[in-house]
Amino acid sequence: RGWGGNTIEVIRGVVPMFTVYQIAAKGEANMSVLVDDAFMTTYFKDYAQALAGIAAEGGPVILHIEPDFWGFAGQRSLNVGGLSKVPAKVSNKAPECASLPNDVTGFGKCLIAMARTRAPNALVGHHASPFGTNMGALLNSDPKFDVVADAKKLAAQAKELGFTQGDLFVIDGLDRD
C-alpha cells in the first residue's frame, strides 16, 4: 500500500520495476486472506491505485506481482487437490475479472488482466517461486532429485496461474532473504 503521492521517475534510461507484495501482510503462507472479503477489497483497491500511477507515468514500467506467494499457493494446492481448489474472491472485485473463477488461478489471471486494461504501458509478470512443488531445486542436494521433472511441475503450475498471459516472470537465484 501507500501508492498515494509516490512518483515514478526514470533515471538514466533505467526502466523502473515495482513489486506488489501485499498477500504476505497476514502471514506468508496464509491462504485464508484470499477469501477474506475486507482484505481482498482493499487489495484490489490498492492494486488498482498502483496501476493508475503506472499508467499515468506513460513510459515503460515493470510490474512484479507477489514474490513467494505463488510458491505457497502451489504448496497449498498439493494438499487440497489442485490450484483450482484454493479459493479466492476474484470475480466481483474488478470488471476485468468477472468471468474468472473464484480460485487462485482466477486471482493470478485477474492481476494480469487488470494490468493489461489499466496500465498497458506496464510489462507485467508473476514471481516464479521454485518451492511451489514442495521440492525446489534451489536448495535440494539429493543427487537423485529429478530437476527436469520438478521444473515441469513448476511450469504446469505457472501456466495454470496465468504466468503465460504476462510479459515476464521473475525468479530469485538465491532465496536467502
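- I112 places none of its side-chain heavy atoms less than 4.5 Å from the side chain of D167.
- At least one donor-acceptor pair under 3.5 Å links the side chain of W70 to the backbone N or O of I65.
- With contacts defined as side-chain heavy-atom distances shorter than 4.5 Å, the pair V20/Y43 qualifies.
- Every side-chain contact (heavy atoms from CB on, under 4.5 Å) that D142 has, sequence neighbours left out, goes to N140, K144, F145.
- One finds a salt bridge joining R118 and E96 here, because a Lys/Arg side-chain nitrogen approaches an Asp/Glu carboxylate oxygen to under 4.0 Å.
- Remark: the backbone N or O of F131 is paired with a side-chain donor or acceptor of Q75 at under 3.5 angstrom.
- L34 approaches M40 most closely through the heavy-atom pair O-CG, 3.4 Å.
- Sorted by first then second residue, the disulfide bond (SG atoms under 2.5 Å apart) pairs that include residues 101-156, not counting sequence neighbours, are C97-C110.
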Next on the checklist: Would F72 and R76 count as a side chain to side chain contact (heavy atoms under 4.5 Å, CB included) here? Give the steps.
Outcome noted: CA-CA 6 Å; F72 289 116; R76 177 76 179 134; over 6 Å; no
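- In this structure, N102 contributes its side chain and V90 its backbone to a donor-acceptor pair below 3.5 Å.
- For K109 and D103, the salt-bridge test fails: no basic side-chain N is under 4.0 Å from an acidic carboxylate O.
- Between M114 and A94 the shortest heavy-atom distance is SD-CB, 3.7 Å.
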Checklist entry - Run the side chain to side chain contact (heavy atoms under 4.5 Å, CB included) check on F107 and I23 step by step: do they pass? => result CA-CA 12 Å; F107 180 59; I23 294 293; 4.0 Å; yes
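- Atom NZ of residue K159 and atom CG of residue L154 lie 14.0 Å apart, to the nearest 0.5 angstrom.
- The side-chain contact (heavy atoms from CB on, under 4.5 Å) test applied to A24 returns Y21, E28, not counting sequence neighbours.
- Remark: the backbone N or O of V170 is not paired with any side-chain donor or acceptor of H64 at under 3.5 angstrom.
- Residues P101 and T105 share a closest heavy-atom pair of CG-OG1, 3.7 Å.
- Across every non-hydrogen atom of P16 and P60, the tightest pair is CD-O, 3.7 Å.
- Between the side chain of Y47 and the backbone N or O of L111, at least one donor-acceptor pair lies under 3.5 Å.
- Of all non-hydrogen atoms in S77 and Q157, the two that sit nearest each other are OG-NE2, 4.1 Å.
- Within the 4.5 Å cutoff, the side chain of V104 has heavy atoms near those of the F69 side chain.
- By the criterion of side-chain heavy atoms lying less than 4.5 angstrom apart, applied directly or through intervening Ile, Leu, Val, Met, Phe, Trp or Tyr residues, M17 is grouped together with L168 in one hydrophobic cluster.
- With sequence neighbours excluded, no residue forms a salt bridge (charged side-chain N to carboxylate O under 4.0 Å, His left out) with E66.
- By the side-chain contact (heavy atoms from CB on, under 4.5 Å) test, T41 pairs with D37, K93, sequence neighbours left out.
- Rounding to the nearest 0.5 Å places CD of Q22 at 4.5 Å from CG of D46.
- Residues satisfying the side-chain contact (heavy atoms from CB on, under 4.5 Å) criterion with A119, sequence neighbours excluded, are L51, I54, A55, N121, A122.
- Other residues, nucleotides and ligands contribute over 12 non-hydrogen atoms within 6.0 Å of the CZ atom of F39.
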